[in-house]
Amino acid sequence: MTDEVEWWEYEDAAELADAVAGDLQFVIESAIDARGTAVIALAGGNTPAPIYAKLAAAKLDWKRVTIIPGDERIVPLGDKLSNVTMIGKTFIPKGARVMPIVPQATSDYKAAGRSADALMQDLHWPLDLCLLGMGADGHTASIFPGPDYDEALSGPRERRALGVMPEPLPPEAPVPRVTLSRQGIVTAKALTVVITGAGKRQVLEDAIKQGESSRYPIGRVLADVELPVDIHWAP
Ligand code: 6PG
């Protein structure tokens with residue numbers, strides 16, 4: 001599958017943000033032209049913020065766009081760790097329908113995953129676009145090693161979201177998660193990965209080489225893609 005991957009390199013994060021925002025705009029416009037609506041999943045974390053700022057400035061019919069976070073930390077809405085809160089700040093003022101996938105914090109992460117999966121039934125599938133980030137440990141969305149790893153990677157085909165208890169908990173957001181499954185991700189009509197820094201680049205190159213047996217979650221996820229994947233990188 002490595003030939004399905006295309007790397008795009010930029011001088012810096014600002015140049016990357018311009019280019020990726022342009023690509024995302026094109027994908028969203030194409031979906032709206034074809035079907036009247038677009039349904040996209042956006043990454044959480046810090047790296048995509050400049051991309052979102054640029055994308056939100058694009059001239060798009062935002063009320064036709066539904067956005068979900070590709071993964072969510074199980075925290076109350078409004079929490080500084082909440083991915084949908086971060087995404088919503090940028091896109092709700094534009095008129096987009098930004099859907100929380102964890103509408104309220106709960107101690108039962110498995111139940112939160114089942115609710116998110118049920119909620120996904122109301123969306124148009126496959127996703128028009130899934131934008132992924134990657135942690136320095138090689139996780140993507142919230143697919144982490146731990147008790148839910150197999151279910152995230154190889155659960156039933158129709159399972160699009162599930163609850164995940166990362167093991168160990170990642171220090172930047174040490175909470176259970178809800179994530180799109182591998183199946184939910186790899187079926188997207190456009191799959192885009194955005195990373196910065198030499199360390200993440202090395203991890204991603206290794207993960208892609210390792211493929212299906214990768215020690216990194218992103219290696220396992222990308223081993224299953226059918227459509228080309230665009231990877232955007234800046235130092
Ligand atoms: C999350 C994410 C996650 C993110 C990486 C990278 O909620 O944790 O969606 O998959 O993309 O952790 O995060 P940074 O961009 O902050 O390094």
Side-chain angles (χ1 to χ4, degrees), residues 10 12-14 16-17 20-21 24 40-55 67-91 98-102 105 109 112-113 116 127 129-146 148-149 152-153 160-182 184-186 188 191-204 207 214 216-222 229-235:
Y10 306 93
D12 55 34
L16 176 148
V20 177
L24 302 190
I40 65 173
L42 294 182
N46 300 317
T47 309
I51 300 171
Y52 298 163
K54 303 239 160 157
L55 178 61
I67 305 176
I68 58 167
D71 72 312
E72 187 58 281
R73 292 89 176 258
I74 303 186
V75 293
L77 288 177
D79 190 283
K80 64 179 185 337
L81 293 180
S82 160
N83 284 338
V84 80
T85 301
M86 179 272 285
I87 293 167
K89 273 189 189 133
T90 308
F91 294 103
V98 179
M99 272 181 46
I101 59 171
V102 180
Y109 76 94
L127 295 169
L129 163 79
C130 182
L131 180 74
L132 294 173
M134 186 195 80
D137 58 1
H139 79 266
T140 192
S142 277
I143 301 186
F144 286 92
D148 313 290
Y149 200 32
L153 292 174
R160 290 166 180 142
L162 71 154
V164 168
M165 181 65 77
E167 216 174 79
L169 284 172
E172 69 280 8
V175 292
R177 318 290 188 97
V178 164
T179 187
L180 288 177
S181 63
R182 165 158 78 170
I185 293 170
V186 300
L191 196 50
T192 300
V193 183
V194 174
I195 57 165
T196 54
K200 283 190 182 182
R201 181 180 178 139
Q202 190 60 57
V203 168
L204 187 48
S214 179
Y216 300 113
I218 197 162
R220 305 227 186 157
V221 170
L222 296 184
V229 183
D230 288 311
I231 298 178
H232 298 266
W233 178 84

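Every heavy atom of this structure was used, including side-chain atoms; hydrogens, water molecules and symmetry mates were not. Each ligand, and each atom within it, is numbered from 1 in the order the structure gives.
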request  = Find out whether Ile74 and Val175 are in side-chain contact, i.e. whether some heavy atom of one side chain is under 4.5 Å from a heavy atom of the other.
outcome  = no

task = Could you list the residues that satisfy salt bridge (Lys or Arg N to Asp or Glu O under 4.0 Å) with Lys54, not counting sequence neighbours?
result = Asp18

message = Give me each pair satisfying salt bridge (charged side-chain N to carboxylate O under 4.0 Å, His left out) with a member in residues 78-91, each pair once, sequence neighbours excluded.
response = none

ask   = What does the list of residues with a heavy atom under 4.0 Å from ligand 1 look like, ordered by chain and number?
value = Gly44, Gly45, Asn46, Thr47, Asp71, Arg73, Asn83, Gly133, Met134, Gly135, His139, Thr140, Ala141, Arg177, Lys200

query = Which distance, rounded to the nearest 0.5 Å, do you find between the CD1 of Ile51 and the CG of Leu42?
reply = 9.5 Å

ask   = Distance-only, no hydrogens or angles: does the Arg220 side chain make a donor-acceptor pair with backbone N or O of Ser214 under 3.5 Å?
value = yes

message = I need the full list of salt bridge (charged side-chain N to carboxylate O under 4.0 Å, His left out) pairs touching residues 167-180, with sequence neighbours left out, sorted by first then second residue.
response = Asp71-Arg177

